[in-house]
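Worksheet for the structure shown next.
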Amino acid sequence: MYSEDKKRHFSVNLLEWYRAHKRDLPWRRSKNPYHIWISEVMLQQTRVETVIPYFHRFTEQFPTVEALANAPEEDVLKAWEGLGYYSRARNLQSAVREVHERYGGIVPQEKEEISSLKGVGPYTSGAILSIAYNKPEPAVDGNVMRVLSRYFLIEEDIMKPSTRVKMEKLARELILEGTASDFNQALMELGAMVCTPRSPHCLTCPVMAQCSAREEGMEESLPIKKKAKPPRPELRAVAFIEGTGENEGKWLIRQRPQEGLLARMWELPHIQMQSAAWGSDQEVMNELKDSLMQQEQIAVKPASWFLDIEHTFSHIQWQMKVYRSQMNDAGEWIPFHYRWVGADELQQYAFPNVFLRIMKAVSGSPV
DNA sequence: AACTCGGGGGC
DNA sequence: GCCCCAGAGTT
């Protein structure tokens, strides 16, 4: 495969570089496996700078396995609000509850046991075992695949599972005796700070001397990655409903379904529309009124256009029109997953970011 | 193997 | 706009 000299040069120099240049990150200040675990789940597909404030709040609110295991799920979701991929939060709490009950609150050190926990895949299991327990397991994420694909000039599509398996085998071989914790973090640190996706800083790289991509002038064209499909557009009409009578000063919100996109989070009532019906505001408001009556049995009166807003997920793009609305009759019956809430109560409910933006635009202040 | 699942930062 | 980010689960 690759020469022992090339591999050793990589491991030795990368490790030395990391110990001199590593960033002072909150989750590097202890080896608490539970805290390492939280950080690794938050960091999935999420930047370090984004995670830092969430990590501080989360570990303060749920400082131990027991604290998170005993917390109401809605509190956990609220603490995750804005971070995205909310199944991460639900899976984390579910897994922490299993650790609490089955393992006495001790994060397991066996690969099979930790890998069986919800939300703990190949990367996260390796990251926890190596970083917290210094076990010689690979932790291959996007950073690592970029670094390895360049240094060893690997031209396989990193989106393919088979490529990740190959990278894990290689990464495992690179771990020197007793250095797994620092080495795995060093790989990711190099990818984040030096071997960046565009314009890598090769002149400051500790392993430039034997980097194959650098030798071939290919560092900018690796790794190879197939393009993702563009998100599909969806048209949605939103009713921003202000209460009257006994509900004066309150807004009508509803909880999303238990499964699927943004599961169990709260939102403003809205409907999806077909492009054929996506016409004038008057036509959209009529459709909004009729559909909410048919689908939810609530009598809403859309009154005036308020805002157009777009929100892009990984696979869907919501194009939304928001209408100021009222109910036909104050105090009317509403379905069980609906709720009238005042401005002070809104802070207890977890909302997807797009609805936070809408409510902020309406109220002129953060909710 | 393809799809689902958020949101933001950097260029 | 586009890409990518300390990915995992489901089909």
Side-chain angles (χ1 to χ4, degrees), chain A residues 18 22-23 25-28 36-55 77 80-92 94-95 114-128 130-132 137-147 157-165 167-168 171 181 183-193 195-200 220 223-232 256-257 259-265 267 310-318 350-357:
Chain A
Y18 175 71
K22 66 177 180 183
R23 286 172 290 176
L25 300 174
W27 43 90
R28 286 184 178 158
I36 303 281
W37 182 6
I38 292 169
S39 75
E40 291 303 339
V41 174
M42 286 187 170
L43 285 162
Q44 290 167 10
Q45 300 292 287
T46 312
R47 295 181 139 71
V48 166
E49 309 81 61
T50 304
V51 166
I52 288 175
Y54 282 93
F55 177 80
L77 204 56
W80 210 270
E81 180 186 72
L83 203 48
Y85 287 134
Y86 298 97
S87 65
R88 291 185 296 177
R90 294 190 296 272
N91 287 339
L92 173 61
S94 170
I114 196 166
S115 298
S116 74
L117 297 170
K118 276 191 186 172
V120 179
Y123 166 76
T124 304
S125 64
I128 297 171
S130 62
I131 296 173
E137 292 289 334
V140 173
D141 69 342
N143 283 314
V144 173
M145 288 202 278
R146 183 172 59 255
V147 170
D157 180 2
I158 63 169
M159 296 298 282
K160 292 169 61 176
S162 61
T163 306
R164 199 206 71 228
V165 170
M167 296 272 188
E168 284 172 347
S181 179
F183 178 73
N184 281 349
Q185 294 182 80
L187 261 173
M188 295 185 274
E189 190 81 351
L190 189 76
M193 304 304 294
C195 197
T196 48
R198 288 176 298 275
S199 308
E220 293 262 24
I224 306 292
K225 188 176 185 179
K226 195 176 64 180
K227 268 190 195 165
K229 282 176 58 176
R232 63 175 183 273
R256 294 181 59 83
E259 307 292 334
L261 181 68
L262 304 168
R264 288 177 244 180
M265 298 191 77
E267 66 179 4
E310 269 188 16
H311 188 71
T312 305
F313 304 95
S314 304
H315 54 307
I316 305 172
Q317 181 183 44
W318 280 358
F351 291 92
N353 201 270
V354 61
F355 294 104
L356 290 174
R357 281 197 284 149

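- Looking at DNA chain B, the stems built from 3 or more consecutive Watson-Crick or G-U wobble pairs, each pair with its key distances under 3.5 Å, are B:1-5 with C:7-11, B:7-11 with C:1-5.
- Of the side-chain N and O atoms in A:Q45, one or more sit less than 4.0 angstrom from OP1 or OP2 of C:dG7.
- Straight-line distance from the CD atom of A:E310 to the P atom of B:dG6: 19 Å, rounded to whole Å.
- Checking side-chain atoms of A:R88 against main-chain N and O of A:M42 turns up a donor-acceptor pair under 3.5 Å.
- For the pair A:E189 and A:K22, the salt-bridge criterion is not met [side-chain N within less than 4.0 Å of a carboxylate O].
- Nearest to the side-chain atoms of A:D141 among the listed nucleotides B:dG6, C:dA8, C:dA6 stands C:dA6.
- Within 4.0 Å of A:Y85, counting heavy atoms only, lies at least one base atom of the nucleic acid.
- In this structure, A:I36 reaches neither bases nor backbone, as no heavy-atom distance under 4.0 Å exists between it and the strands shown.
- Rounded to the nearest Å, the gap between the P atom of B:dT4 and that of C:dA6 is 25 Å.
- In this structure, A:W27 reaches the bases: a heavy-atom distance under 4.0 Å links it to at least one base atom across the strands shown.
- Looking at heavy-atom distances under 4.0 Å, A:L83 makes contact with a base.
- Of the possible polar contacts, none joining the A:R164 side chain to the A:V140 backbone as a donor-acceptor pair under 3.5 Å is found.
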Just the table, please: protein N/O against nucleotides 1-4 of chain B N/O, every pair under 3.5 Å.
{"residue": "B:dA2", "atom": "OP2", "partner": "A:K226", "partner atom": "NZ", "Å": "3.1"}

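- When the side-chain nitrogen and oxygen atoms of A:R146 are compared with OP1 and OP2 of C:dC5, one or more of them lie within a distance under 4.0 Å.
- Spacing between atom CE of A:M145 and atom C1' of C:dG7 amounts to 9 Å, rounded to whole angstrom units.
- The residue A:T46 sits close to a base: some heavy atom pair falls under 4.0 Å.
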